[in-house]
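Notes follow once the structure below has been shown.
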Amino acid sequence: MPAVEMVGVTKTYRRRGGQPFRALDSLDMTVDTGGVHGLLGPNGSGKTTSIRALLGLVRPDAGVGQIRLLDRPVPDELPQLIGDVGALVETPLFFPAFSGRRNLELLAQTAGVPGTRVEECLELVDLRDRAGDRFKGYSLGMKQRLGIAAALLKSPRLLILDEPSNGLDPAGIRDIRELVRRLGRDGRTTVLVSSHLLAEIQHVCDSVTILVRGRRIASGPVASVLSRAGTNDTRVAVPDPATAAALLAAAGFSVSPSPDGQILVHGAASPGEITRVLAQHGHYVEELVRVTPDLEEAFLALTGNQA
Amino acid sequence: MSAMLQQPTAPGPTATGRRGSLFRAEVHRFTARRFIQVLVGLAVLGWLGAVAIGLSTFREPTDADVSAARAAMEQAIADEQMWREECLTEAERAGDNPEVFCGPPLDASQWRVEDFIGVEPFDLASAAGAGAMAFAAGAAVLAFLIGATWIGAEWSSRSIVALLFWVPSRLKVMGTKIGVLVAATALLGVVAQAAWLAMGFILRSFVGTSTPLPDDFWTELLPAQGRSVLLTVLAGVIGFGLANLIRNTGAALGVGFVYFAIVENALRIYDITLERWLLSTNAVALVFPGGIRLYDYEAMTANMSEPPYYLVTNLQGGLVVGAFAVVIVGVGVLLFARRDIH
């Protein structure tokens, strides 16, 4: 059973005095149960709109009735399943004058969540010591963590986080990523996390859907998406790159200079063969690295100029 | 981050699990709002101030007050007589008829010392109606502010969006908020009228007349107070509706000010007969015993003993103010239910 399913969802925003903007364009998306799924795309690609559509905040123009969360149609059955869905959309929305704990208590009371769960969630995001402080005095990272704590209050089976690392410092980003990874591994929670940060998706997610201009352009396990767009290069560092490059070319390798002045060998089936050829001619390899394409390259390769 | 990152499997609020109380949570939210607390605190201070002013303003006149009043009256009579003498002299000099020009001679026996006494005891019987109206006006203004800030702050902080992650039924969310507001403003209206009665009886006890209250005191006062409570509720709902439409407390208050200060006066100037449909006119008519008469002086002719008037009854006042409230809130709720929320 997919945790999230969208089929042919289209959403167009009409702007006063401007051209209509199609935020989602026949978007299909499937998120399998369990693990962490990334929703990746540049700004304006439709990530937040698709999340808002999942949560019933925006009404699609087409594809209504084609959105399912935890195998139930949205928005029709959202009231019945909302207890299993936690969400943090963009910035956390709380009363600035209330303490973090007070804000969570009010939400817990709304949904009939036991008060003890508030303390558990504050502990979970490491905010217990500052829970009595007013929300408006929190740093951006603390606000974000409180937002995640609120989303976790219901012990959701599906956790939706929209750009959870936005505005955080490196330590905060690391903490959030660690938290998301661990939640995805707990065996009962499916995490859907959107981001425009490629590294975040690469480090945190098991699978990914890439959006551009409201359309899905790739999806699947992160490794699979990477390999689809990836290269098969090997970077070779030697004391004399020019001679080594000539030797490798003579041996039948496709060679080009790497950006750092060393050698890139394209399509080498076995890196060991490169070492053998160079060693035979008295050139000893200082570094031999299989160039793994990162998501940024994959993303650019998949999107071309669209992004 | 804490080491305890594994998510506990607490029972979630599923459809079959524990049911939360949105209403109770909203009541807590309402009572915890700082601005609302400040407004109520200021109202309490205002009441204490009014009681203090009343206690220092009203009292039984002393012998010294009566003597001073008599002296003032005699001085006034002397001044009047002197003025008339001068007037008669001037009229004779001008050749006019002095009695016609200066009026009849002064009849000092018609003058009363009581009219010159600056202090008087508090008379609850005569002040009860006016006090209830004044407290109704104050409570209505307070309720308008509370209603506007109650939903305006939700839009400013966008916490109403967060609430929809918990209760995705928009009508239920908005209906609960309106329900809490109606309950709170009804309580405010009742407390305001009780505060007036408390103030009235305090003043009566310490600085008031000891005359027994008339038999119809309560039968006249209580209905007016009941209508005052209704006005308070409707004012709160209108404030809520405006702020919900505009999605901003300050802007809603600005619109309210522009309406009452500019739009209503402009309509009165444009066509006086429109006055009977204005919000402020109907608000007054709702609480004023028997409603209010709006005289049309422009339509008066020479053979009329008084100008024609429109009677705006309590019922019409309630219906018009209620219609304003329903339309403003209804449009806002409809838009909230249908619009995308960002």
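In what follows, chains are A, B, ... by sequence order, proteins preceding strands, each numbered from 1. The shown structure was predicted, so the numbers you read here are calculated from the model rather than taken from an experiment.
- Rounding to the nearest 0.5 Å gives a distance of 11.0 Å between CH2 of B:W166 and CG of A:L106.
- Contact between B:F165 and A:A87 at its shortest, heavy atoms only, is CD1-O, 3.7 Å.
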Under 3.5 Å, which donor-acceptor pairs link side chains of residues 173-184 of chain B to any protein atom two or more places apart or in another chain?
{"unit_1": "B:T176", "atom_1": "OG1", "unit_2": "B:K172", "atom_2": "O", "d": "2.6"}
{"unit_1": "B:K177", "atom_1": "NZ", "unit_2": "B:E26", "atom_2": "OE1", "d": "2.4"}
{"unit_1": "B:K177", "atom_1": "NZ", "unit_2": "B:E154", "atom_2": "OE2", "d": "2.8"}

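- For chain B, no part of A:R128 is nearby; none of its heavy atoms comes within less than 4.5 Å.
- Interface check for chain A: of the options B:V161, B:L163, B:L164, the most heavy-atom pairs under 4.5 Å are formed by B:V161.
- Counting all heavy atoms, side chain and backbone alike, A:F95 lies closest to B:R33 at CE2-CD, 4.0 Å.
- The backbone N or O of A:L57 lies less than 3.5 Å from a partner atom in the side chain of B:R170, making a donor-acceptor pair.
- By number of non-hydrogen pairs under 4.5 angstrom with chain B, the leading residue of A:V89, A:V85, A:T49 is A:V89.
- Only the side chain of A:L55 comes within less than 4.5 Å of a heavy atom of chain B; its backbone N, CA, C and O stay farther away.
- Taken to the nearest 0.5 Å, the CG atom of A:L107 stands 9.0 Å off from the OG atom of B:S159.
- In this structure, the portions of A:R59 lying under 4.5 Å from any heavy atom of chain B include both its backbone and its side chain.
- Taking the side chain as every heavy atom from C-beta outward, B:P168 and A:P75 never approach each other to under 4.5 Å.
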